[in-house]
Amino acid sequence: MLLESIHSPADVRALPAGQLPQLCQELREFLVRSVSETGGHLASNLGTVELTVAIHRVFDTERDRLVFDVGHQCYVHKILTGRREQFSTLRKLDGLSGFPKPYESIHDAFIAGHASNSVSVALGMARARTLRGEDYSVLALIGDGALTGGLAYEGLNNAGASREPLIVILNDNGMSINQNVGAMSFHLARLRSKPLYYHFKKLYRGLFGRRPMRNPIYRFNHKLKKSLKKVLWPGSTFFEDMGFTYMGPIDGHDLPRLCDVLTWAREQHCPVVVHVNTVKGRGCPFAERNPDMYHGVGPFELETGRLKQAGGESFSSVFGKALTDFARTDSRVCAVTAAMADGTGLSGFARSFPERFFDVGIAEGHGVSMTAGLASQGMIPVFAVYSTFLQRSYDMLIHDAALERLHIVLGVDRAGLVGADGETHHGCFDALFLSEIPGFTILCPSNFAELRTMLGQALFKIEGPVAVRYPRGGEGAFREDTSGQPIVRLREGGDVTLLAYGVFINQVLSAAELLAREGIQAEVLKLNQIAPLDYGMIGSFFSGKPLLAVEDAFGTGCVGQRTAAILAGQGKAPERLILRNLGGTFAPEGSVAQLEERFGLDAAGIAAAVREAIGNEQ
């Protein structure tokens with residue numbers, strides 16, 4: 001196989017041009033075969049094979065800086081930069097990350113995982129290069145979906161005005177910025193991507209010296225050309241009005257042309273946008289037919305694409321069905337998502353109530369502000385959003401929702417550890433930062449029954465902003481609906497108190513069973529509401545024995561700390577406080593079970609912490 005001889009981008013650059021189609025074919029075969037075993041982001045990577053090969057033919061990412069936006073499409077880049085043999089460990093504990101990570105390779109210029117920041121990061125790199133008097137290229141690779149995020153426009157606006165040499169590659173696999181109209185626009189697009197056009201443009205500009213805009217003839221011709229383009233080719237002027245030189249649209253699967261255009265873009269020495277059209281799932285029939293399904297996918301059968309493990313009922317799907325049922329009974333209920341209708345379980349709601357369903361794109365800050373606007377006018381809006389992406393709207397939660405105590409409801413999906421997507425996607429902050437916002441109520445269901453009940457409470461019984469947070473995946477063994485009180489005692493015990501919320505009640509109950517076999521009697525308390533904490537009720541539940549609090553959040557400001565502080569203020573401080581959480585460590589990739597074991601959050605780890613605490617006391 002040709003791919004087996006590729007160990008670095010230098011090997012890609014050394015290949016004869018005639019062998020590049022074979023390399024692209026082998027890359028696609030490797031991607032499908034590898035992701036069928038590990039799961040991961042398939043369709044986006046299949047769509048960027050030629051583009052990634054072209055980047056590595058023209059640029060040297062050991063020196064040049066390539067900044068990915070989100071990073072879903074980084075697999076080909078990783079394969080070509082010496083990490084092919086590690087792909088069996090993709091998204092596994094201590095294995096290869098599914099996103100760019102500088103600690104993995106010098107070829108990964110910047111961490112990625114969230115959308116719309118690449119142009120801003122790349123501009124910072126370009127300015128640092130200029131200030132330090134260094135010479136290398138800086139590229140931002142951004143998808144059309146990420147251009148629904150406002151940060152992308154902030155970066156583009158500043159970058160275009162900066163005059164810094166910078167290349168923004170727009171990978172357009174489904175949505176145009178402005179639609180090109182008429183045969184003339186397509187003719188001009190083909191014309192502008194041919195070598196003769198760029199050679200002529202370079203020669204013409206050279207006739208007027210190093211500062212052509214100072215020449216009145218050049219200024220007149222330049223102004224005339226821009227006016228004609230606005231009429232004939234409106235798609236390009238969006239970027240050019242920002243200060244970019246626009247190249248495209250280019251066929252993203254035409255490798256020779258991609259190499260030529262990227263070479264010309266590098267020679268411009270100014271802000272450039274290279275607009276590339278690609279097809280998600282290219283070369284894999286089932287991924288091309290259903291690119292959304294194979295965007296992020298679990299292990300699947302190589303021949304058919306059928307998932308090896310069919311997904312069952314999940315917190316997301318139960319949430320979506322329950323919200324749809326509530327919307328049938330109250331016309332004020334509406335749903336908002338940030339490009340995650342399927343992921344958050346809202347596809348059924350969208351079909352049933354299209355007029356009350358709003359997808360704002362990758363724009364979580366806007367989503368919160370719009371939700372607040374809906375609430376201010378009497379609607380009951382529910383913003384379903386992944387916990388990790390809710391972080392992007394922190395200011396709006398405070399300023400637009402909490403200050404006026406507007407009744408918005410957040411469906412905080414993927415709360416806690418999420419597994420294979422790793423440190424950029426774990427939802428380990430929302431329990432901390434939402435608790436600090438005055439007026440927020442945070443409910444934590446442990447199972448599907450409690451999710452349905454708590455969602456109803458959030459919609460119709462609680463005033464002000466409310467968050468209902470729940471994990472990825474399904475429920476555990478604990479199925480009782482205890483949502484009637486903020487805190488409930490599930491088990492009596494005189495030796496130690498175990499405190500948990502959400503699905504971690506399953507691990508705590510299992511730990512209590514393990515301890516009981518050893519003669520250690522553990523009391524189990526379950527928090528259904530972690531904000532605001534009920535001072536009076538918490539005090540009535542505790543008797544001073546050792547307290548162990550379990551949660552998959554970071555340590556500073558965690559629920560265990562806040563509970564202990566309340567007890568201390570009431571003179572009921574526990575004999576000893578043991579916090580079982582993530583401490584100050586970002587959790588890596590790995591299954592949720594593996595990560596719980598690593599951080600001592602599984603039943604065995606909790607039981608071990610209790611034994612140590614009681615042993616130290618004795």
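We're numbering straight along the sequence, starting at 1. Heavy-atom basis, side chains included; hydrogens, waters and symmetry copies ignored.
Between Thr497 and Pro546 the shortest side-chain heavy-atom distance does not fall below 4.5 Å. At least one side-chain heavy atom of Ser116 sits under 4.5 Å from a side-chain heavy atom of Arg392. Here the side chains of Glu104 and Lys78 are in contact, with some heavy-atom distance below 4.5 Å. In this structure, the side chains of Pro299 and Thr38 stay at 4.5 Å or more apart for every pair of heavy atoms. By the 4.5 Å heavy-atom criterion applied to side chains, Leu490 and Thr482 are counted as neighbours.
The closest donor-acceptor contact from the side chain of Asp69 to the backbone of Asn117 lies under 3.5 Å. The backbone N or O of Gly502 lies less than 3.5 Å from a partner atom in the side chain of Ser446, making a donor-acceptor pair. At least one donor-acceptor pair under 3.5 Å links the side chain of Thr304 to the backbone N or O of Arg306. In terms of modelled atom types and a separation under 3.5 Å, the side chain of Arg472 and the main chain of Phe315 share no donor-acceptor contact. Of the possible donor and acceptor atoms, one in the side chain of Glu475 sits under 3.5 Å from a partner among the backbone N and O of Phe448. Asn290 contributes no side-chain N or O that, together with a main-chain N or O of Asp292, makes up a donor-acceptor pair within less than 3.5 Å. Side-chain N or O atoms of Asn447 include one that pairs as donor or acceptor with a backbone N or O of Phe478 at under 3.5 Å. Judged by distance alone, the side chain of Thr89 and the main-chain N or O of Gln86 form a donor-acceptor pair under 3.5 Å. Put simply, the side chain of Glu301 never gets that close to the backbone of Leu307: no donor and acceptor are under 3.5 Å apart. A side-chain donor-acceptor contact under 3.5 Å links Ser591 to the backbone of Gln594.
The minimum heavy-atom distance linking Leu548 with Val550 is given by the pair CD2-CG2, 3.2 Å. Of all heavy-atom pairs spanning Phe286 and Leu302, the tightest one is CE2-O, 3.8 Å. Here the closest non-hydrogen pair linking Pro588 and Leu93 is CG-CD1, 4.2 Å. When all heavy atoms of Leu579 and Cys558 are compared, the pair lying nearest together is CD1-SG, 4.2 Å. Considering all non-hydrogen atoms of both residues, Val412 and Ala467 come closest at CG2-CB, 4.0 Å. Leu547 and Pro574 make their closest contact through CB-CB, 3.8 Å (heavy atoms, listed as atom of the first residue, atom of the second, distance).
Checked by atom type, the side-chain pair His114/Thr424 shows no donor-acceptor distance below 3.5 Å. Side-chain atoms of Asn528 and Ser483 form no donor-acceptor pair, as typed in the model, at a separation below 3.5 Å. For the residue pair Asp413/Ser316, the side-chain donor-acceptor check at 3.5 Å is satisfied.
For CD of Glu404, the number of neighbouring non-hydrogen atoms (other residues, nucleotides, ligands) closer than 6.0 Å is 12 at most. Other residues, nucleotides and ligands contribute more than 12 heavy atoms inside 6.0 Å of the CD atom of Glu355.
Between Phe300 and Tyr294, the ring planes are perpendicular. Angles over 60° get that label, and only those under 30° would be called parallel.
Residues satisfying the ring pair (Phe, Tyr, Trp, His ring centres under 6.0 Å) criterion with Tyr470, sequence neighbours excluded, are Phe319. By the side chain to side chain contact (heavy atoms under 4.5 Å, CB included) test, Gln507 is found to be paired with Phe504, Glu596, Asp602, Ala603, Ile606, residues two or more places apart in sequence or in another chain being considered. The side chain to side chain donor-acceptor pair (under 3.5 Å) check on Glu313 picks up Ser317, Lys321, with sequence neighbours excluded. In this view, His366 satisfies the ring pair (Phe, Tyr, Trp, His ring centres under 6.0 Å) rule with no residue, not counting sequence neighbours. Residues meeting the side chain to side chain donor-acceptor pair (under 3.5 Å) test with Arg562, sequence neighbours left out: Ser435. Considering only residues two or more places apart in sequence or on other chains, Ala564 meets the side chain to side chain contact (heavy atoms under 4.5 Å, CB included) condition with Leu577. Residues that satisfy the side chain to side chain donor-acceptor pair (under 3.5 Å) test with Asp395, not counting sequence neighbours, are absent from this structure.
Checked against the 6.0 Å centroid criterion, the rings of Phe68 and Phe99 do not qualify as a close aromatic pair. A centroid separation of 6.0 Å or more is found between the aromatic rings of His425 and Tyr386.
For the pair Glu37 and Arg33, the salt-bridge criterion is not met [side-chain N within less than 4.0 Å of a carboxylate O]. Taking 4.0 Å as the cut-off between side-chain N and carboxylate O, Asp108 and Arg83 count as a salt-bridged pair. In this structure, Arg580 does not pair ionically with Asp552, as no charged nitrogen and carboxylate oxygen lie closer than 4.0 Å. Salt bridge Glu423/Lys101: present, at least one basic N to carboxylate O contact under 4.0 Å.
Taken to the nearest 0.5 Å, the OG1 atom of Thr563 stands 9.5 Å off from the OH atom of Tyr501. The CG atom of Leu499 sits 6.0 Å away from atom CD1 of Ile487, with the distance rounded to the nearest 0.5 Å. Here the straight-line distance linking atom CZ of Arg576 with atom CD1 of Ile614 works out to 10.0 Å at 0.5 Å rounding. The CG atom of Asn581 sits 7.5 Å away from the CG atom of Leu601 when rounded to the nearest 0.5 Å. To the nearest 0.5 Å, the span separating CE on Met454 from CD1 on Ile442 amounts to 12.5 Å. Separation of atoms CD (Glu436) and CD1 (Ile398) is listed at 10.0 Å; rounding is to 0.5 Å.
Screening residues 529-542 for side chain to side chain donor-acceptor pair (under 3.5 Å), with sequence neighbours left out, gives no hits. Sorted by first then second residue, the salt bridge (Lys or Arg N to Asp or Glu O under 4.0 Å) pairs that include residues 508-533, not counting sequence neighbours, are Glu450-Lys526, Arg489-Glu523, Arg491-Glu513, Glu518-Arg611, Glu523-Lys545.
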For this session: Show your working on side-chain contact (heavy atoms from CB on, under 4.5 Å) between Leu390 and Phe433 and close with a plain yes or no.
Result: CA-CA 10 Å; Leu390 182 63; Phe433 70 74; 4.2 Å; yes
Problem set entry | Derivation of the side-chain contact (heavy atoms from CB on, under 4.5 Å) call for Leu31 and His41 | CA-CA 10 Å; Leu31 280 170; His41 293 97; over 6 Å; no
Exercise. What's the verdict on side-chain contact (heavy atoms from CB on, under 4.5 Å) for Gln561 and Ile566, showing C-alpha distance, side-chain angles and the deciding distance?
Worked result: CA-CA 9 Å; Gln561 280 188 348; Ile566 291 171; over 6 Å; no
Enumerate, atom names and distances included, each donor-acceptor pair closer than 3.5 Å involving a side-chain atom of residues 415-422, sequence neighbours excluded.
residue	atom	partner	partner atom	Å
Asp421	OD1	Arg91	NH1	2.6

For residues 370-383, please give each side-chain donor-acceptor pair under 3.5 Å, one per line with the distance, not counting sequence neighbours.
residue	atom	partner	partner atom	Å
Thr371	OG1	Gly367	O	2.6
Ser376	OG	Gly373	O	2.7

Donor-acceptor list for residues 338-350 side chains, cut-off 3.5 Å, not counting sequence neighbours:
residue	atom	partner	partner atom	Å
Asp342	OD1	Ser347	OG	2.2
Thr344	OG1	Met340	O	2.6

